[in-house]
Amino acid sequence: MKTLAVASQKGGVGKTTVSLNLALAFAKAGYRTVLADTDPQGAVGFSLPSARESRGLAGYLTGGSTLEDVLIRTRFEELSLLPVGPMNPQDARAFGEYLADGTRLERLAEALAPDTDLLLYDTPCGFGGVTMGVLRNADGVLSPLQAEPIAMRTLPQLLETIGYLRQDGVDVTIVGVVLTMLQLRDEVSLDVAQEAWSRLPEDLVLETTIPRDATFLKASSLGVPVGLMRKRPPPVAGVFDRLVKELEPRLGLAGVEEEDEPLDLFA
Ligand code: ADP
Ligand code: MG
């Protein structure tokens with residue numbers, strides 16, 4: 001099992017949108033995927049109404065619920081969701097302290113590992129206790145960078161945090177920075193993208209970019225990833241299939257063999 005965390009210093013940059021749509025794309029590529037929401041504000045839960053019924057991650061870690069109780073199966077056999085679970089706002093801080101050293105989430109990973117190829121964590125913004133606990137358990141971090149002027153200023157904190165964890169013996173790497181909400185026809189947005197491409201190390205910024213697209217807003221109001229909006233997914237859903245292809249080698253995922261035998265014309 002590989003573990004990927006989607007994290008960034010800033011909120012509202014597209015972490016939850018990327019997590020949800022990327023989880024579906026990995027599942028469709030054949031990986032048994034669990035999307036775990038760790039944001040005490042329940043971001044994934046908010047956009048998927050069915051996820052509100054589970055006692056979630058908090059219930060599993062603290063309340064004695066079993067994995068079967070808290071995992072939500074979807075109509076894709078390969079995709080399961082683990083919502084964060086209901087939580088009072090005043091408990092969010094304690095939840096962060098509880099997760100910070102990473103040992104609780106290690107227990108979750110051990111329980112999921114036999115039946116899971118990819119554990120994908122959506123995290124709250126910043127590098128508080130919850131995110132640190134997740135990063136201590138992650139093989140890789142994917143960081144969305146919103147294509148807007150001050151975005152680049154938020155990157156040093158990510159790099160420092162990963163540097164600190166690696167010094168502390170944690171084997172986590174940045175698998176890439178993905179530009180989100182990119183508007184190729186908007187000069188300001190394009191400038192930020194070009195700045196990222198020219199100033200950051202070449203292999204840090206992923207080739208795949210997520211365009212700003214009203215479909216994402218519509219999808220979250222319907223409570224689904226864009227890939228599930230209608231029978232024929234909107235074109236923008238294809239972006240996440242490309243992102244999967246780009247992330248596979250960076251995560252050390254081999255790719256799932258597709259059955260591809262020549263068709264027998266005269267059978
Ligand atoms: P985060 O999890 O980092 O706080 P979200 O994924 O919740 O960010 O995104 C913040 C808001 O921006 C949401 O309303 C979401 O629907 C919207 N959004 C995210 N990505 C896009 C995009 N590529 N195009 C348009 N709107 C987007
Ligand atoms: Mg979020």
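Only a predicted model underlies this, so the values are computations on that prediction, with no experimental measurement involved. Counting starts at 1 for both ligands and their atoms, in listed order. Positions are given from 1, in the same order as the sequence printed here. Computation of the quantities below employed the complete heavy-atom set of this structure, encompassing side-chain atoms and omitting hydrogens, waters and symmetry-equivalent molecules.
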Under 3.5 Å between any N/O of Lys15 and any N/O of ligand 1: does that happen in this structure?
yes
So if I apply the side-chain contact (heavy atoms from CB on, under 4.5 Å) rule between Tyr98 and each of Leu61, Val130, Asp91, which one comes out positive?
Leu61
Do Tyr121 and Leu108 come close enough that some side-chain heavy atom pair is under 4.5 Å?
yes
Run the contact test for Thr180 against ligand 1 with a 4.0 Å cut-off on heavy atoms, strictly below, and give the result.
no
So, is Gly12 polar-close to ligand 1, with some N/O to N/O distance under 3.5 Å?
yes
Could you say whether the N/O atoms of Asp122 and ligand 1 ever approach to under 3.5 Å?
no
Test Asp186 against every option in Leu182, Leu184, Val188 by the side-chain contact (heavy atoms from CB on, under 4.5 Å) rule and name the one that passes.
Val188
Suppose we only count N/O/S atoms under 2.8 Å; would Gln41 qualify as near the Mg ion (ligand 2)?
no
Sidechain N-carboxylate O distance under 4.0 Å for Asp168, Arg136
yes
Got an N/O contact under 3.5 Å between Gly14 and ligand 1?
yes
With a 4.5 Å cut-off on side-chain heavy atoms, are Leu99 and Leu105 touching?
yes
Can a side-chain donor-acceptor contact be found between Arg242 and Thr208 if the only test is distance below 3.5 angstrom?
no
Under 4.0 Å from any heavy atom of Ile210, which atoms of ligand 1 are there?
23 (N)
Please classify the Cys125 to ligand 1 contact at 4.0 Å (heavy-atom distances, strictly less than): side chain, backbone, both or neither.
neither
Only residue of Lys2, Glu248, Glu78 satisfying side-chain hydrogen bond (donor to acceptor under 3.5 Å, both in side chains) with Tyr31 is Glu248
Could you tell me whether Arg107 sits above the aromatic face of Tyr60, with NZ or CZ closer than 6.0 angstrom to the six-membered ring centre and within 45 degrees of the axis?
yes
Measure Val13 to ligand 1 on non-hydrogen atoms and call it side chain, backbone, both or neither using the 4.0 Å cut-off.
both
Considering only heavy atoms of Thr17, which atoms of ligand 1 have at least one such atom less than 4.0 Å away?
5 (P), 6 (O), 9 (O), 15 (C), 19 (C), 20 (N)
Is there any N or O on Arg212 that sits under 3.5 Å from an N or O of ligand 1?
no
The one among Ala7, Pro211, Ser8 that brings a heavy atom closest to atom 23 (N) of ligand 1
Pro211
